[in-house]
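Input: a single structure, listed below in structure tokens.
Counting from 1, the numbers follow the sequence of the chain as shown.
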Amino acid sequence: EVQLVESGGGLVQAGGSLRLSCAVSGFTWDDYAIGWFRQAPGKERDGVSCITRSDGRIYYADSVKGRFTISSDSAKDTVYLQMNTLKPEDTAVYYCAAATPAPYGSSWWDVVNEYDYWGQGTQVSVSS
């Protein structure tokens with residue numbers, strides 16, 4: 001059974017940093033991608049970043065480029081999202097999700113329906 005468990009959320013002041021973790025288990029193959037999404041109250045779930053397991057392709061939303069960094073630790077089966085220079089508008093519930101197999105191209109990574117498995121989410125709150 002595939003499971004994704006997020007951790008690392010919390011309350012931080014604007015300009016601060018947080019690192020989210022997504023622990024992945026249950027995959028018996030390497031062809032998958034892990035995406036980070038976020039959803040603020042009353043808004044749609046938006047793609048933040050994504051990394052593919054087999055070939056390390058990385059994608060970012062324009063709103064987080066230069067501030068957020070996605071990475072993976074294969075030995076720990078964990079994907080990280082380092083978030084720096086946080087802004088109040090980054091406040092949301094952050095979810096990690098898995099797409100398997102990982103599609104090609106660049107038009108899929110931020111589409112919710114491309115992902116098959118989801119974690120429970122972790123709250124990130126940024127105060128001004």
Side-chain angles (χ1 to χ4, degrees):
E1 178 186 3
V2 174
Q3 287 190 325
L4 305 170
V5 180
E6 303 98 334
S7 61
L11 174 64
V12 65
Q13 288 187 334
S17 298
L18 284 173
R19 188 178 79 160
L20 305 183
S21 299
C22 175
V24 181
S25 62
F27 277 107
T28 57
W29 58 94
D30 289 338
D31 188 10
Y32 62 88
I34 299 296
W36 283 99
F37 288 75
R38 65 186 180 187
Q39 188 167 21
K43 296 189 176 182
E44 294 185 348
R45 190 170 296 188
D46 293 327
V48 174
S49 185
C50 175
I51 186 168
T52 60
R53 171 67 186 262
S54 60
D55 57 4
R57 285 173 283 144
I58 288 177
Y59 308 90
Y60 292 105
D62 288 343
S63 59
V64 306
K65 281 181 181 176
R67 300 189 298 124
F68 291 11
T69 302
I70 193 170
S71 63
S72 66
D73 185 333
S74 298
K76 296 181 179 180
D77 287 329
T78 300
V79 173
Y80 302 99
L81 185 68
Q82 178 67 44
M83 306 186 296
N84 298 329
T85 319
L86 283 162
K87 305 175 181 180
E89 51 264 43
D90 295 317
T91 295
V93 177
Y94 283 70
Y95 300 89
C96 66
T100 178
Y104 286 91
S106 59
S107 62
W108 61 272
W109 74 269
D110 58 351
V111 178
V112 168
N113 289 342
E114 291 286 352
Y115 292 80
D116 308 292
Y117 305 95
W118 291 83
Q120 81 287 353
T122 185
Q123 176 70 47
V124 171
S125 299
V126 184
S127 63
S128 58

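- When all heavy atoms are compared, the tightest approach of Trp108 to Tyr115 is CZ3-OH, 3.6 Å.
- Of all heavy-atom pairs spanning Ala23 and Thr78, the tightest one is CA-OG1, 4.1 Å.
- Listed by first and then second residue, the ring-ring contact (aromatic ring centres under 6.0 Å, His included) pairs that reach into residues 71-100 come to none, sequence neighbours excluded.
- Pairs engaging residues 72-83 under the salt bridge (charged side-chain N to carboxylate O under 4.0 Å, His left out) rule: Arg53-Asp77 [sequence neighbours left out].
- Here the shortest heavy-atom pairing between Leu18 and Gly8 reads CD2-O, 3.9 Å.
- For Glu89, the side chain to side chain contact (heavy atoms under 4.5 Å, CB included) test picks out Lys87, with sequence neighbours left out.
- Annotation: salt bridge (charged side-chain N to carboxylate O under 4.0 Å, His left out) contacts of Lys65 (sequence neighbours excluded): Asp62.
- Within the 4.5 Å cutoff, no side-chain heavy atoms of Leu20 are placed close to those of Phe68.
- Scored by the salt bridge (charged side-chain N to carboxylate O under 4.0 Å, His left out) test, Arg67 finds Asp90 as partners (sequence neighbours excluded).
- Under the side chain to side chain contact (heavy atoms under 4.5 Å, CB included) criterion, Thr100 pairs with Phe27, Trp29, Tyr32, Asp116, Tyr117, not counting sequence neighbours.
- Interatomic distance, Thr91 OG1 to Gln123 CD, rounded to the nearest 0.5 Å: 7.0 Å.
- For Pro101, the side chain to side chain contact (heavy atoms under 4.5 Å, CB included) partners are Asp31, not counting sequence neighbours.
- Both Trp36 and Val126 belong to a single network of hydrophobic side chains, linked directly or stepwise wherever heavy atoms of I, L, V, M, F, W or Y lie under 4.5 Å apart.
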Listed pairs under 3.5 Å, donor-acceptor, residues 45-52 side chains, sequence neighbours left out:
{"unit_1": "Arg45", "atom_1": "NE", "unit_2": "Gln39", "atom_2": "OE1", "d": "3.1"}
{"unit_1": "Arg45", "atom_1": "NH2", "unit_2": "Gln39", "atom_2": "OE1", "d": "3.2"}
{"unit_1": "Ser49", "atom_1": "OG", "unit_2": "Tyr59", "atom_2": "O", "d": "2.8"}
{"unit_1": "Thr52", "atom_1": "OG1", "unit_2": "Asp55", "atom_2": "OD1", "d": "2.4"}
{"unit_1": "Thr52", "atom_1": "OG1", "unit_2": "Gly56", "atom_2": "N", "d": "3.2"}
{"unit_1": "Thr52", "atom_1": "OG1", "unit_2": "Arg57", "atom_2": "N", "d": "2.8"}

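- A chain of hydrophobic side-chain contacts below 4.5 Å, direct or via other Ile, Leu, Val, Met, Phe, Trp or Tyr residues, connects Val79 to Met83.
- Linking ILVMFWY residues whenever their side-chain heavy atoms come closer than 4.5 Å, directly or via other members, places Ile58 and Val64 in the same cluster.
- Here Ser25 pairs with nothing under the side-chain hydrogen bond (donor to acceptor under 3.5 Å, both in side chains) rule; sequence neighbours left out.
- Looking at every heavy atom in both residues, Glu6 comes nearest to Gly121 through OE1-N, 2.9 Å.
- In this structure, the side chains of Arg38 and Leu81 stay at 4.5 Å or more apart for every pair of heavy atoms.
- Residues that satisfy the side chain to side chain contact (heavy atoms under 4.5 Å, CB included) test with Ser7, not counting sequence neighbours, are Ser21.
- Listed by first and then second residue, the disulfide bond (SG atoms under 2.5 Å apart) pairs involving residues 64-98 are Cys22-Cys96 (not counting sequence neighbours).
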Legend entry - Check against side chain to side chain contact (heavy atoms under 4.5 Å, CB included), Leu4 and Ile34: CA-CA 10 Å; Leu4 305 170; Ile34 299 296; 4.2 Å; yes
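- Distance OH/Tyr60 to CG/Asp110: 14.5 Å, rounded to 0.5 Å.
- In the hydrophobic clustering (ILVMFWY side chains linked at under 4.5 Å, chained through shared members), Tyr104 stands by itself.
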